[in-house]
Amino acid sequence: MDVRVRFAPSPTGFLHVGGARTALYNYLFAKKMKGTFILRIEDTDRERSTLEAEKAIMEDLEWLGLLWDEGPYRQTERLSLYKEHALDLLKRGLAYKCYCTESEIEEMREEMLLKGIAPRYNGRCRDLSEEERERFEKEGRKPAIRFKVPGDGEITFEDIVRGHFKFSLADIGDFVIMRSDGIPTYNFAVVIDDHYMGITHVIRADEHIANTPKQLLLYEAFGWKPPQFAHVSMILGPDRSKLSKRHGAVAISQYRRDGYIPEAMNNYLPLLGWSSPDDREIFSMEEMIEAFSLDRLSKSPAVFDIGKLTWMNGHYMRSLPLEKIYEYSLPFFLEKGFSMNEEWLKKVVFVYREHTSTLREMVEEALPLIRFSLPFSSDVEEVLEGEDVPKILEAFLEVFYPFKYKEVSSSEIWELLKEVVSKVGLKRGKVLFPLRVAITGRRSGPELYYIIELIGIKEALRRVQEVLSYIKGK
RNA sequence: GCUCCCGUCGUCUAGGGGCCUAGGACACCGCCCUUUCAAGGCGGCGGCACGGGUUCAAAUCCCGUCGGGAGCGCCA
């Protein structure tokens, strides 16, 4: 049978790293098995679902390149299907109408919690008499539909990641499958959708483990064959609690804005809970698909380490084709005030990507190319206070002046710089460091000859001249 | 409170009775290279939560303790 998997986010917020990893696992498995990857929007929470969130999630998936083969399906567009099946259960006596109000249930819950028993619905409306039902209807109460959980016995299943599970039915209360407003609940809609969409493997976060027995009960009630389950452990924050906003950036879109690139996300995220049989950690998407398998998913939760993500991002900054990094970085350049000049910007990328870990950092580092203003910050200016500095700057002016209007390559600039060095008669570093500072206003950066090539000799001369007058006037 | 899950360097992980003197990656430290940064190269630091068993042999199997987490909704 062909593998069919789904990613089923609820559009109540942005795609976060945990969701992205789940999507990735589903995607990788689908591609590996030459199966189908389905996107399903679980929008049955009418209060919190928004169209914006749905759009944002899809955009992020597209940015990552996790394109779905089918969908998006929306649960709110399938309401009649759920209703039909709820009615069927009702008719067969496997479900019943419940007239309890929220406050009544809340009361019940607190009472049970106080008594130290697992809070669950006590089945109050299971066997209502005809009169009671009529009374409630007359009161105008809108019933929800609850599934009748068999009182005893147990339910078991095999999880691909965690092995054998056994739940006692006595611990599961009758749960709502249809809200009083006619919208299905999660546990109900999932089962119906997974069945009709032919889902063969459910790969999801392990917070759903406790839901699985309820869903299995529904499969049983309908006489359907359940899919295989793979419950993946969660992603934690540095304090080992569930990763959330208070730990810093969790939204994929935030990482995009911060200058992370999809190749790095797609490589790093799966490694949080999956490892390859060899010691490899760097994978292209194709390699990852090839290497991926569910049986190497880890049981224990993983702490999200932005440091390693950043390292990996830097790796991809350097190893991806220049063209690609240029494309990714363009919006960052334009936003920072660089003007559109493809040939020149590509050179900037060529030079600066060697030194930086994110697109944002790269553009930030390249800022001195288009911005130059005195005074510099104090830790930078102290470099200019050295006694040899005027001599060095003058030597630079002398050597480079004849080339003021010439097109000179970086290797020729390097030769000229060496000439400056021998003219001054100090060690290379002693000469080039103050020059770098004078020309860029920064203590570090790429090779000076690249910088001079990028800003042009004329501009370099202007800057050095300006700094020279500046320090002389001090 | 109840149910369930998870515990290998700071972090991600390999390992699943002898190949373990516990391997790799990030981070950290040192050295090399160098245009005092970064990148790269080389080296170092650092871990089987604890206690009992089982066994000739335990990181690995069993039990307990401790620690962490999740679920217990007309949220998903």
Side-chain angles (χ1 to χ4, degrees), chain A residues 8-12 42-45 47-49 98 100-102 105-106 109 112-121 142-146 159 162 165-168 171-173 175-181 183-187 189-190 204-213 231 233-234 236 238-242 268 271-282 296 298-312 314-315 317-318 352-357 361 365 383 414 417-418 421 427-433 435-436 442-449 451:
Chain A
S10 64
T12 54
E42 309 220 321
D43 55 354
T44 52
D45 184 346
E47 311 266 278
R48 298 190 301 146
S49 296
C98 170
C100 296
T101 64
E102 266 180 72
I105 286 169
E106 186 52 36
R109 238 178 74 84
M112 293 174 106
L113 227 34
L114 224 68
K115 282 188 195 153
I117 37 182
R120 57 171 185 271
Y121 184 66
K142 287 257 176 295
I145 300 176
R146 281 185 191 272
D159 187 275
R162 285 150 200 280
F165 275 100
K166 186 164 83 183
F167 287 91
S168 163
D171 293 331
I172 304 171
F175 54 92
V176 171
I177 55 175
M178 281 295 233
R179 299 179 175 87
S180 45
D181 62 1
I183 309 287
T185 60
Y186 165 74
N187 280 124
V190 184
R204 57 168 33 162
D206 77 0
E207 50 195 329
H208 289 294
I209 290 176
N211 286 319
T212 310
H231 286 100
S233 60
M234 294 192 317
L236 272 26
D239 65 352
R240 304 208 135 258
S241 68
K242 190 171 170 174
Y268 175 70
L271 258 22
L272 251 29
W274 178 84
S275 61
S276 82
D278 50 36
D279 273 330
R280 216 151 39 120
E281 296 207 295
I282 298 293
R296 292 193 64 86
S298 161
K299 286 198 256 268
S300 44
V303 173
F304 184 78
D305 180 6
I306 192 163
K308 186 155 182 178
L309 203 215
T310 305
W311 164 78
M312 198 170 270
H315 167 84
M317 293 273 293
R318 268 163 254 123
Y352 278 85
R353 71 168 177 171
E354 293 301 324
H355 304 254
T356 49
S357 299
E361 188 196 354
E365 285 291 310
V383 177
W414 180 222
L417 282 173
K418 285 197 276 196
V421 170
K427 271 180 66 184
R428 210 176 255 181
K430 290 273 181 230
V431 177
L432 295 177
F433 186 46
L435 266 182
R436 161 191 302 287
R442 297 214 181 168
R443 299 175 65 112
S444 62
E447 289 82 351
L448 233 203
Y449 51 78
I451 294 168

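Sequence lines set the chain letters: A, B, ... in the order given, protein chains first and strands last, and positions in each chain run from 1.
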Would you kindly compare A:Lys166 and A:Phe175 by the position of their nearest RNA chain B nucleotide and give the one closer to the 5′ end? A:Lys166
Whom does B:rA25 pair with, Watson-Crick or G-U wobble, provided both distances fall under 3.5 Å? B:rU11
Gap in Å between the two C1' atoms, one belonging to B:rU60 and one to B:rA14, rounded: 13 Å
Across the strands shown, which category fits A:Gly273 at heavy-atom distances under 4.0 angstrom: base, sugar-phosphate, nothing? sugar-phosphate
Using a cut-off of 4.0 Å on non-hydrogen atoms, how would the nucleic acid contact of A:Trp274 be classed: base, sugar-phosphate, or nothing? nothing
Looking at B:rC74, does its base get a donor-acceptor pair with the side chain of A:Thr185 below 3.5 Å? no
Backbone of A:Ser300 reached by a side-chain donor or acceptor of A:Ser233 within 3.5 Å: yes
When only distance counts, do a donor and an acceptor, one from the side chain of A:Asp279 and one from the base of B:rA25, lie under 3.5 Å apart? no
Is there any protein nitrogen or oxygen under 3.5 Å from a nitrogen or oxygen in nucleotides 30-32 of chain B, and what are the pairs?
none

Between A:Arg353 and A:Glu365, is the salt bridge (charged side-chain N to carboxylate O under 4.0 Å, His left out) condition met? List the steps. CA-CA 10 Å; A:Arg353 71 168 177 171; A:Glu365 285 291 310; over 6 Å; no
Using the P atom as the reference point in each nucleotide, state the distance between B:rA39 and B:rA27 in Å, no decimals. 7 Å
Is there a donor-acceptor pair closer than 3.5 Å between any side-chain N or O of A:Thr356 and the backbone N or O of A:Tyr352? yes
Looking at every strand, decide which applies to A:Arg318 at a 4.0 Å heavy-atom threshold: base, sugar-phosphate, or nothing. sugar-phosphate
Side chains of A:Arg204 and A:His231: is there a donor and an acceptor less than 3.5 Å apart? yes
By the 4.0 Å heavy-atom rule, please label A:Ala302 as base, sugar-phosphate, or nothing. sugar-phosphate
B:rG71 P sits how many Å from A:His208 NE2, rounded? 10 Å
For the pair made of CD1 in A:Ile282 and C1' in B:rC26, what is the distance, rounded to whole Å? 11 Å
Under 4.0 Å, heavy atoms only, any strand: does A:Leu448 hit a base, just the sugar-phosphate, or nothing? base
When we call it a touch if two heavy atoms are under 4.0 Å apart, what does A:Ser180 touch: a base, just sugar-phosphate, or nothing? base
I need the CE-C1' distance between A:Met234 and B:rC4, as an integer number of Å. 13 Å
Could you check whether any side-chain N or O of A:Arg296 sits under 3.5 Å from a backbone N or O of A:Ser275, counting only pairs where one atom can act as donor and the other as acceptor? yes
Less than 4.0 angstrom between a side-chain N/O of A:Thr356 and OP1 or OP2 of B:rA39, yes or no? no
For A:Glu42, answer base if it contacts any base atom (sugar-phosphate contacts may also be present), sugar-phosphate if it contacts only those atoms, and nothing otherwise; contact means non-hydrogen atoms under 4.0 Å. sugar-phosphate
Axial cation check for A:Tyr121 ring with A:Arg146, 6.0 Å and 45° limits: yes
Would you confirm whether the ring centroid of A:His208 sits within less than 6.0 angstrom of the ring centroid of A:Tyr186? yes
Please classify the nucleic acid contact of A:Glu207 as base, sugar-phosphate, or nothing, using heavy-atom distances under 4.0 Å. sugar-phosphate
B:rC56 -> Watson-Crick or G-U wobble partner, both distances under 3.5 Å, gives B:rG18
Is the shortest side-chain N/O distance from A:Arg443 to OP1 or OP2 of B:rU36 below 4.0 Å? no
My understanding is that only residues two or more places apart in sequence, or in another chain, count here; which of them pass ring-ring contact (aromatic ring centres under 6.0 Å, His included) with A:Phe433? none
Write down the distance separating the C1' atoms in B:rU13 and B:rG7, rounded off to the nearest Å. 14 Å
Taking B:rA22 as the reference, what is the distance to B:rA59 when you measure between their P atoms (whole Å, please)? 10 Å
Identify whether any heavy atom of A:Arg280 sits under 4.0 Å from a base atom; if not, whether one sits that close to sugar-phosphate; answer base, sugar-phosphate or nothing. nothing
So which nucleotide does B:rG30 pair with, by the Watson-Crick or G-U wobble rule with both distances under 3.5 Å? B:rC42
Do the side chains of A:Ile451 and A:Pro446 get nearer than 4.5 Å, heavy atoms only? yes
Say you pick atom C1' in B:rG73 and the same atom in B:rC61; how far apart are they, in whole Å? 40 Å
To the nearest angstrom, the CG-C1' distance between A:Leu432 and B:rC37 comes to 14 Å
Under a 3.5 Å limit for both distances, which nucleotide forms a Watson-Crick or G-U wobble pair with B:rC4, could you say? B:rG69
So what does A:Arg353 touch, heavy atoms closer than 4.0 Å: a base, only the sugar-phosphate, or nothing? nothing
Closest to the 5' end of RNA chain B, once A:His315 and A:Lys242 are matched to their nearest nucleotides, is A:His315
Are A:Arg162 and A:Asp206 ion-paired here, with the side-chain N under 4.0 Å from a carboxylate O? yes
Is A:Gly307 touching bases, backbone alone, or none of the nucleic acid, heavy atoms closer than 4.0 Å? sugar-phosphate
Look for any protein N or O under 3.5 Å of an N or O in nucleotides 61-65 of chain B and output each such pair with its distance, or none.
none

Please state how far atom CD1 in A:Ile172 lies from atom C1' in B:rC2, giving the value in whole angstrom units. 13 Å
Sorted by chain and number, sequence neighbours left out, ring-ring contact (aromatic ring centres under 6.0 Å, His included) with A:His355 holds for none
Given the C1' atoms of B:rC33 and B:rC42, what is the spacing between them in whole Å? 11 Å
Hey, is the side chain of A:Thr12 poking within less than 4.0 Å of OP1 or OP2 on B:rA76, counting only N and O atoms? no
In this structure, how many angstroms lie between the P atom of B:rC72 and the CD1 atom of A:Ile209, rounded? 13 Å
Nearest to side-chain heavy atoms of A:Ile105, which nucleotide of B:rC74, B:rA76, B:rU13: B:rC74
To the nearest angstrom, the NZ-P distance between A:Lys299 and B:rA14 comes to 11 Å
Sequence-distant partners of A:Thr185, side-chain contact (heavy atoms from CB on, under 4.5 Å), two or more places apart: A:Val176, A:Arg179, A:Phe188
Return the nearest nucleotide to the side chain of A:Ser275; candidates are B:rU13, B:rA76, B:rC37. B:rU13
Nearest to the side chain of A:Phe165 - B:rC5, B:rC37, B:rA25? B:rC5
Could you tell me whether A:Thr44 contacts a base, only the sugar-phosphate backbone, or nothing, with contacts defined as non-hydrogen atoms closer than 4.0 Å? sugar-phosphate
Using a cut-off of strictly less than 4.0 Å, decide whether A:Arg240 has a side-chain nitrogen or oxygen near OP1 or OP2 of B:rC12. yes
When we call it a touch if two heavy atoms are under 4.0 Å apart, what does A:Asn211 touch: a base, just sugar-phosphate, or nothing? base
Within the structure, does a side-chain N or O atom of A:Arg204 lie under 4.0 Å from either OP1 or OP2 of B:rG71? no
Could you state the CG-P distance from A:Leu309 to B:rA25, rounded to the nearest angstrom? 19 Å
Heavy-atom distance under 4.5 Å between the side chains of A:Pro11 and A:Ser49, does that happen here? yes
Go through B:rA38, B:rC74, B:rC26 for me and flag the one nearest to the A:Trp311 side chain. B:rC26
Which residues satisfy the salt bridge (Lys or Arg N to Asp or Glu O under 4.0 Å) test with A:Glu447, sequence neighbours excluded? none
